[in-house]
Q: 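If you scroll down you'll find the structure; I have some questions about it.
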Amino acid sequence: MVEIVKPALEHLPSYKAALERGWSPDNVRLLEATREQLAAIEEDPVAFLASLDDPQAKGPPITLPDGSQVPRLPGFRRWIWDGEAAGSIGLRWQKGTSALPPHVLGHIGYAVVPWKRSRGYATEALRLMLGEARAVSLDYVEITTDLDNPPSQKVILANGGTLVERFFKVAAYGGAESLRFRIDL
């Protein structure tokens, strides 16, 4: 059985082991994010866990891939869990609206560890996260994916997503053509 859990000390050794195997919870920054998380865990595990739950957007600004910084949005991470770390899924939003700023690629982002893919974990994690999105009063969520990522597109469609548009990511993300899906809540 797969679930999404709030990151906690009891789950941290398994999550850290997944990072040490080379997995990245960040589909954009990849191994750079892995190294940063491992360093943060080593420095202060409790602070690392606290940084993953920020519904008031009290954390520092977000650095985009091009080095520019933008204000942090409210959000939080949950770990995909099947008795051990199987991935990560996050939700972010703007207070008072379902719309997102142009530099934010979607409300929800997820990554499953490679050794547990093709088991339906991302589909179930997204289904569970949609309940969390309803709880913060969103009317819909948008999720983006690369053109060459049919597995992620399948996950979104299985959760009621509809293709809204093909678009080009903002320059900070390299300007690549991508797909934007919407799931009404």
Q: Please collect all side-chain hydrogen bond (donor to acceptor under 3.5 Å, both in side chains) contacts where either partner lies in residues 123-137, sequence neighbours excluded, each pair once.
A: Glu124-Arg127
Q: Just wondering, do Leu128 and Ile80 contact through their side chains at under 4.5 Å, heavy atoms?
A: no
Q: Step through the shown structure and confirm whether more than 12 heavy atoms of other residues, nucleotides or ligands are within 6.0 Å of CD on Glu43.
A: no
Q: Can you tell me how far CG of Leu64 sits from CD1 of Ile62, rounded to the nearest 0.5 angstrom?
A: 8.0 Å
Q: Evaluate Ser68 against Asp66 for side chain to side chain donor-acceptor pair (under 3.5 Å), listing each step before the verdict.
A: CA-CA 6 Å; Ser68 62; Asp66 70 352; 2.6 Å; yes
Q: What I'd like to find out is whether the side chain of Phe168 reaches to under 4.5 Å of the side chain of Ser178, using heavy atoms alone.
A: no
Q: His11: which residues meet the ring pair (Phe, Tyr, Trp, His ring centres under 6.0 Å) condition with it, sequence neighbours left out?
A: Trp81
Q: Compare every heavy atom of Pro101 with every heavy atom of Leu73, then report the nearest pair and how far apart it is.
A: CD1-CD, 4.2 Å
Q: Kindly determine whether Thr162 and Arg182 satisfy side chain to side chain donor-acceptor pair (under 3.5 Å), including the steps that lead there.
A: CA-CA 5 Å; Thr162 56; Arg182 180 176 286 187; over 6 Å; no
Q: Does the side chain of Val112 reach to within under 4.5 Å of the side chain of Ile89, using non-hydrogen atoms?
A: no
Q: To the nearest 0.5 Å, what is the distance between OG (Ser98) and CG (Asp139)?
A: 4.0 Å
Q: How about Leu179 and Thr144: do any of their side-chain heavy atoms sit closer than 4.5 Å?
A: no
Q: May I ask you to test the Asp82-Glu3 pair for a side-chain heavy-atom distance under 4.5 Å?
A: no
Q: List the steps and the verdict of side chain to side chain donor-acceptor pair (under 3.5 Å) for Gln37 and Tyr15.
A: CA-CA 10 Å; Gln37 287 201 356; Tyr15 183 81; 2.6 Å; yes
Q: Which heavy atom of Ala57 sits nearest to which heavy atom of Arg72, and what is that distance?
A: CB-O, 3.5 Å
Q: Do Ile4 and Trp79 come close enough that some side-chain heavy atom pair is under 4.5 Å?
A: no
Q: Flag yes if more than 12 heavy atoms outside Glu42 fall under 6.0 Å of its CD atom; otherwise flag no.
A: no
Q: With sequence neighbours excluded, tell me which residues meet ring pair (Phe, Tyr, Trp, His ring centres under 6.0 Å) with Phe76.
A: Trp93
Q: Just jot down the side chain to side chain donor-acceptor pair (under 3.5 Å) partners of Lys154, sequence neighbours excluded, or say none.
A: none
Q: For Ser14, what residues pass the side chain to side chain donor-acceptor pair (under 3.5 Å) criterion, not counting sequence neighbours?
A: none
Q: Are the side chain of Arg78 and the backbone N or O of Ser88 linked by a donor-acceptor pair below 3.5 Å?
A: no
Q: Nearest 0.5 Å, please: how far is CG in Leu105 from CG in Leu100?
A: 9.5 Å
Q: Supply the atom-to-atom distance Leu38 CG to Leu19 CG, rounded to the nearest 0.5 angstrom.
A: 4.5 Å
Q: So which pairs with a foot in residues 101-115 pass side-chain hydrogen bond (donor to acceptor under 3.5 Å, both in side chains), sequence neighbours left out?
A: Tyr110-Ser152
